Protein chains: 2
Amino acid sequence: MILKSQVEWALHCCAILAGLPEGRYLSTKALAEFHGLPKEYLSKALQSLSQAGLVHTTLGPSGGYRLAKAPAELTFLEIVEAVEGRSRTFVCTNIRANNPCRAPGYCEETPCAVARIMWEADEAWRDKLRSVRLSDLIEILSQEIPSDLLKRSFAWVLERAG
Amino acid sequence: MILKSQVEWALHCCAILAGLPEGRYLSTKALAEFHGLPKEYLSKALQSLSQAGLVHTTLGPSGGYRLAKAPAELTFLEIVEAVEGRSRTFVCTNIRANNPCRAPGYCEETPCAVARIMWEADEAWRDKLRSVRLSDLIEILSQEIPSDLLKRSFAWVLERAG
DNA sequence: ATATTAAGGATAACAAATATCCCTATTTTT
DNA sequence: AAAAATAGGGATATTTGTTATCCTTAATAT
């Protein structure tokens with residue numbers, strides 16, 4: 001049970017977009033080059049972000065992506081779910097219904113207790129991701145990454161931002 | 001990102017094994033029939049539980065499985081990890097290392113901040129599963145399942161327990 | 001002896017993730 | 001007006017992982 005690699009890509013791309021000046025856009029090409037990712041496939045992840053309304057896009061030269069809201073208003077959960085979907089990790093196939101001892105026609109309405117417990121764990125995972133905002137990541141990165149690398153990366157992005 | 005169906009099977013099987021009288025064993029065949037599952041494939045899940053040391057086995061007629069510890073000492077996490085493995089849901093491919101602006105030879109030692117956050121969510125998921133014991137599930141089931149169905153199921157299992 | 005069991009190797013069928021290619025409509029730049 | 005660059009998305013491989021079955025072996029109870 002592993003998350004799609006596009007989740008990782010989307011998170012890193014959002015971190016870059018968070019540093020983009022107001023009103024400017026960064027293309028798939030630039031984001032792919034910056035992260036060393038296949039452009040066509042990364043495009044799918046960015047489309048997911050777009051469909052979820054997390055980023056705005058423009059066409060044409062100097063077109064690309066920018067965040068649709070402030071980094072402080074964008075949670076990890078939103079980004080992860082945009083790419084990975086909102087389905088639970090545990091799927092209940094209701095095997096208790098196969099119990100040969102059950103009364104004929106007996107079919108429970110309430111979800112299986114096993115499933116409920118597993119879903120609570122899923123919720124704990126979501127709660128954690130919902131509690132972290134993109135701005136939290138930016139703050140950590142700005143402390144951890146050497147300032148010269150930060151500056152050069154910022155300049156690199158600005159050169160390519162339409 | 002979906003858990004293996006064997007996780008569901010293992011949890012339900014452990015719930016049945018928890019009701020087994022001391023010193024008795026239940027076979028793959030019986031567990032598969034009770035849950036309406038393919039015997040050969042369910043066998044793989046039970047082997048995982050065995051390799052993890054969560055169940056004991058015996059061979060020959062009247063052989064099968066029993067829990068290796070009391071239901072109060074067996075957590076959901078142990079069962080889930082026995083089948084699903086202990087790997088994290090988020091895999092960091094360290095794409096930050098592809099940053100064209102990084103200094104040559106510059107290679108960070110610390111894990112990527114994105115990965116650390118995602119791993120914290122994984123830990124929250126694990127923490128929740130670690131907090132639930134098999135005995136908790138048994139208690140819920142004994143309250144929710146009609147007592148006549150419980151009795152018949154118990155008798156069904158006892159008939160087949162070696 | 002015989003029948004039954006767990007364990008595990010080999011392999012096939014199926015589904016999902018990963019990746020690439022190509023076409024279209026739109027928008028900026030020239 | 002023409003050209004170039006962009007997002008969006010459909011089609012389609014390729015690769016990997018899950019699901020499932022079959023078969024052999026060693027151990028054990030009857």
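First the proteins, then the strands, lettered A, B, ... as listed; each starts at 1. Small disclaimer: the values here were computed from a predicted structure and weren't measured.
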Interatomic distance, [X] [atom1] vs [N] [atom2] [rounded to whole Å]:
X: B:Leu17; N: C:dA6; atom1: CG; atom2: P; value: 11 Å
X: B:Met1; N: D:dT16; atom1: CE; atom2: C1'; value: 17 Å
X: B:Tyr25; N: D:dT28; atom1: OH; atom2: P; value: 11 Å
X: A:Ile2; N: D:dT16; atom1: CD1; atom2: C1'; value: 10 Å
X: A:Glu84; N: C:dA17; atom1: CD; atom2: C1'; value: 10 Å
X: A:Gln6; N: C:dA19; atom1: CD; atom2: P; value: 9 Å
X: B:Glu40; N: C:dA12; atom1: CD; atom2: C1'; value: 14 Å
X: B:Leu31; N: C:dT5; atom1: CG; atom2: P; value: 12 Å

Taking NZ, NE, NH1 and NH2 as the nitrogens, is one of them in [X] or [Y] under 4.0 Å from a carboxylate oxygen of the other?
X: B:Lys151; Y: B:Asp148; answer: no
X: A:Arg116; Y: A:Glu123; answer: no
X: A:Glu22; Y: A:Arg66; answer: no
X: B:Glu40; Y: B:Lys29; answer: no

[X] side chain near [N] phosphate (N/O to OP1/OP2, under 4.0 Å):
X: B:Thr58; N: C:dT5; answer: no
X: B:Thr57; N: C:dT5; answer: no
X: A:Tyr41; N: D:dG9; answer: no
X: B:Thr28; N: C:dA6; answer: yes
X: A:Gln51; N: D:dG9; answer: yes
X: A:Ser50; N: D:dG8; answer: yes

Give [X] one of three labels, base, sugar-phosphate or nothing, depending on what nucleic acid heavy atoms sit under 4.0 Å from its own.
X: B:Tyr65; value: sugar-phosphate
X: B:Gly64; value: sugar-phosphate
X: B:Ser5; value: sugar-phosphate

**A:Arg96/B:Glu8 under salt bridge (charged side-chain N to carboxylate O under 4.0 Å, His left out): CA gap, chis, key distance, verdict** = CA-CA 11 Å; A:Arg96 62 180 176 168; B:Glu8 180 188 18; over 6 Å; no

Side chain of [X] only, please: which of [options] is the nearest?
X: A:Lys4; options: C:dT5, D:dA11, C:dA17; value: C:dA17
X: A:Ser27; options: D:dA7, C:dT20, C:dA6; value: D:dA7
X: B:Ser62; options: D:dA29, C:dT28, D:dT21; value: D:dA29
X: B:Leu59; options: D:dT21, C:dT5, D:dT6; value: C:dT5
X: B:Gln47; options: C:dC21, C:dG8, D:dA20; value: C:dG8

**Message:** Check for me whether A:Arg152 meets the cation-pi criterion with A:Trp156, that is, NZ or CZ under 6.0 Å from the six-membered ring centre and within 45 degrees of the ring axis.
**Reply:** no

**Item:** Closest-nucleotide ordering on DNA chain D, the 5'-leading residue of B:Leu3 and B:Pro61
**Value:**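 Whichever sits nearer the 5' end wins; that is B:Leu3.
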
**Request:** Assess whether one donor atom and one acceptor atom, taken from the side chain of A:Lys44 and the base of D:dG8, lie less than 3.5 Å apart.
**Result:**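 Answer is no: no donor-acceptor pair is held.
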
